[in-house]
Number of protein chains: 2
Amino acid sequence: MTEAVSRPTLEAVAARAGVSRATVSRVVNGGDGVREPLVERVRRAVEELGYVPNQAARSLVTRRHDAVAVVIAEPEARVFADPFFALQLRGISKELTAHDSQLVLLLTEGPEDYARVGRYLAGGHVDGALVFSLHLDDPLPGLIRGAGVPTVFGGRPGWGDGPRGDGPTVYVDSDNRGGARDAVRHLVGLGRTRVAHITGPLDQTSAVDRLDGFRDVMVDADPRLIVEGDFTPAGGERAMRVLLDRCPEVDAVFAANDLSAAGALRVLRERGRRVPEDVAVIGFDDMLPVAEGADPPLTTVRQDIEEMGRLMARLLLRGLDRRGRDEDADPGPGKGLGGAPSSVVLPTTLIRRASA
Amino acid sequence: MTEAVSRPTLEAVAARAGVSRATVSRVVNGGDGVREPLVERVRRAVEELGYVPNQAARSLVTRRHDAVAVVIAEPEARVFADPFFALQLRGISKELTAHDSQLVLLLTEGPEDYARVGRYLAGGHVDGALVFSLHLDDPLPGLIRGAGVPTVFGGRPGWGDGPRGDGPTVYVDSDNRGGARDAVRHLVGLGRTRVAHITGPLDQTSAVDRLDGFRDVMVDADPRLIVEGDFTPAGGERAMRVLLDRCPEVDAVFAANDLSAAGALRVLRERGRRVPEDVAVIGFDDMLPVAEGADPPLTTVRQDIEEMGRLMARLLLRGLDRRGRDEDADPGPGKGLGGAPSSVVLPTTLIRRASA
DNA sequence: GCCCGATCCGGGAGCGCTCTCAGGCCGGCC
DNA sequence: GGCCGGCCTGAGAGCGCTCCCGGATCGGGC
């Protein structure tokens, strides 16, 4: 039996509805300029045959793919294990779905994969890309810009804001610096005077920005109160030990993320320090269940990760739309509302729980 | 400037190399049956022009897409927040990459999205699908089978093993039941007699299987020692409280996953029970950093999640290959090695840490 | 009643690729 | 030396769709 169910084509639908291919195509793509009775006939034929347009054929002529690549660089177990990307993906997925776009996931295990990603993007298989690059010196972003694909970055890329090469870099990030400031101010407001900071890995902009926020408030912080961590519980433990050894009278800790805060909490308990009475602790991310599940529950800075993802997708799609329209309509100087998308920095919220 | 970089076509490469399109095509697709000097000429032309095949055009005629859909149903924050899917995705991605296939991610927010997924899969946009369905009564798997796309499931689907409708269901799972048995046996071997079980949500096969494993060993377990949890720390806390109230002399707990074990640990500490002296605790998953970071570090049952993902992809791709070959070669009764792929259940390992 | 414009529909080209098929070439054998 | 067969190569059709453009149809205005 020829089980190879050859799916119905436009032609078949046209035949059944007694119209031309062109008309069916018009109906399938919105139905503008086709009179009602015909539209109805075609719709029914589509329904009856279970017609689904062949995306490959469509792409071949339209040069659109209704697909967006999401590039996540170096999903080391450590990084990938936290729910961060999962939530971003969720936000991205929602937004893309709402615009009938597909999500093509590109994970890289390291620089050896970059060429593949570059080739894929340059190959024009997708309409745009959403890129997460974690490290300051990562060559991936540059490579991707080279591919000439519309791109929105997740998190402020290492080279800072502003144009570089062709056009401005568009990214979505949360207000790491501002959030850090809020956290530290809260600790200071609690009357704490020896406020320490466990940083994240300083080759990531988020960690750098949080450190900057810390410094904004603790202008002349004792450098011994700043210890580099790595966003992991183990790193948090290490840092906390260093901190307690260096400066036993520390009375507050701002950890650059919840995971390292959890590590710090453990060491504090182990060393007999009460939280928050002896040492107040604040994290960052509001990563449930880590933050809520910590003992005591963690005061932390919440960022809306899913919203970041959604926003990235939205910016990209808007850019694509604009690009499409600009083909025929000369942009002109005053291009009214909705100009080129620009970067967005989302606000953070301090979530007060028991630890501070 | 016409920045709209129209990418070079086969035609262009052919012209430059002084051969026909067909020859270029042959070279690009492996170069069989083309003499060396020509191959070289074509390769150079491809290189010089930066030619990348147009996948849409190719798919149009070959009906292959070199793309696989990964369907993850209901990424509720809770479920999606754990690294489970992230690791699976990683494994899948690695395997697909090795076979030059793309990963199209389809997330659903609930049954209202199922029609969309069904349409997409039935639309023949991908060569196959990898599907994670969590709940016993989930209509998604059935829907997907209806779409007639080669599919491999992650985790044993609710309807049990064996054929249903067209062909056998292929899935990859870890040995939940066996792992649970190992865990409980370990507790018994420690001399514990009042062993309790905090289950997962019992509408998931993994939770059911782990419960079955528990019962395999504790054949006549006091039903009061089995409390339903939901794979979350909060659920673990609730269950542990119930357990301590019902049966204060409980001396061991097998939690259906690490997250609920972590919750249980917290309640035990709160109630002044020492772990493992008074109560031994074992989890499941070996979800780092939860397990390793718990206090005390959690004895747990490890499953190789990434390997599961890799295996799913491998099974699917193998099935696709086979399908492709079977077109011309009549399968015949004795089809030698590599018959139709069948389900795989991966072994688990007991990881001994401090909690038991 | 006729002409003109707007509206709607169909014909047909062609997107970039693969794949079949026929023809050309070359070597070997009688 | 002629013929046959095998190996390479090129010509061409066609995958399913969109979109341009020409023709048909209809209504309105003079």
Side-chain angles (χ1 to χ4, degrees), chain A residues 4-43 45-46 49-67 100 122-125 127 324 327-328, chain B residues 4-43 45-46 49-67 100 122-125 127 324 327-328:
Chain A
V5 281
S6 72
R7 303 193 295 110
T9 75
L10 252 202
E11 190 77 49
V13 178
R16 181 166 194 113
V19 298
S20 73
R21 282 199 328 274
T23 298
V24 178
S25 175
R26 275 187 276 259
V27 171
V28 169
N29 292 294
D32 301 327
V34 179
R35 245 183 302 240
E36 188 46 42
L38 272 200
V39 171
E40 198 41 49
R41 277 232 302 283
V42 172
R43 287 252 160 77
V46 166
L49 295 175
Y51 170 75
V52 184
N54 181 320
Q55 182 63 35
R58 181 179 277 174
S59 295
L60 184 56
V61 35
T62 61
R63 273 117 203 300
R64 294 209 64 212
H65 299 85
D66 294 319
D100 288 313
H125 301 296
D127 301 324
E327 304 277 323
D328 16 49
Chain B
V5 280
S6 73
R7 303 192 298 109
T9 75
L10 253 202
E11 188 78 48
V13 178
R16 181 165 192 114
V19 298
S20 72
R21 284 201 323 276
T23 298
V24 178
S25 175
R26 277 186 275 258
V27 172
V28 168
N29 293 294
D32 300 327
V34 178
R35 244 182 304 235
E36 189 45 43
L38 272 200
V39 171
E40 199 40 50
R41 277 234 301 284
V42 171
R43 288 252 160 78
V46 165
L49 295 174
Y51 169 76
V52 183
N54 180 321
Q55 181 63 35
R58 179 179 276 175
S59 295
L60 185 56
V61 34
T62 60
R63 274 117 202 297
R64 295 209 63 215
H65 299 85
D66 294 319
D100 287 313
H125 300 297
D127 301 325
E327 304 277 324
D328 17 47

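Just the heavy atoms: all of them, side chains too, but no hydrogens, waters or symmetry mates, feed the values below. In this text the structure is predicted, and so the values were computed from the model without any measurement. Protein chains get the first letters and strands the later ones, always in sequence-line order, with residue 1 at the start of each.
In this entry the distance linking CZ of B:R64 with P of C:dC17 reads 18 Å, nearest Å. B:E36 has its CD atom 11 Å from the P atom of D:dT9, to the nearest Å. Nucleotide D:dC26 holds its P atom 8 Å from the CZ atom of A:R35, rounded to whole Å. B:D32 places its CG atom 10 Å from the P atom of D:dC8, with the value rounded to the nearest Å.
Judged purely by atom type and a 3.5 angstrom limit, B:S59 has no side-chain atom pairing as donor or acceptor with the backbone of A:A56. No donor-acceptor pair closer than 3.5 Å links the side chain of B:R21 to the backbone N or O of B:L10. Although no hydrogens or angles enter the test, the distance criterion places no donor-acceptor pair under 3.5 Å between the side chain of B:T23 and the main chain of B:V19. A donor-acceptor pair is defined here as one N or O able to donate and one able to accept, closer than 3.5 Å; no such pair exists between the side chain of A:D127 and the backbone of A:R64.
Between B:T23 and D:dG10 there is a side-chain N or O to OP1 or OP2 distance below 4.0 Å.
Distance check, rounded to the nearest 0.5 Å: CG of B:L49 to CZ of B:R7 gives 12.5 Å.
Salt-bridge formation is not detected for the pair B:D32/B:R26: no Lys NZ or Arg NE/NH1/NH2 atom is positioned less than 4.0 Å from an Asp or Glu carboxylate oxygen.
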What one-letter contact string describes nucleotides 12-25 of chain D from 5' to 3', where B marks a base within less than 4.0 Å of any protein heavy atom, S marks contact via sugar-phosphate atoms alone, and - marks no contact?
BB-BBBBB------

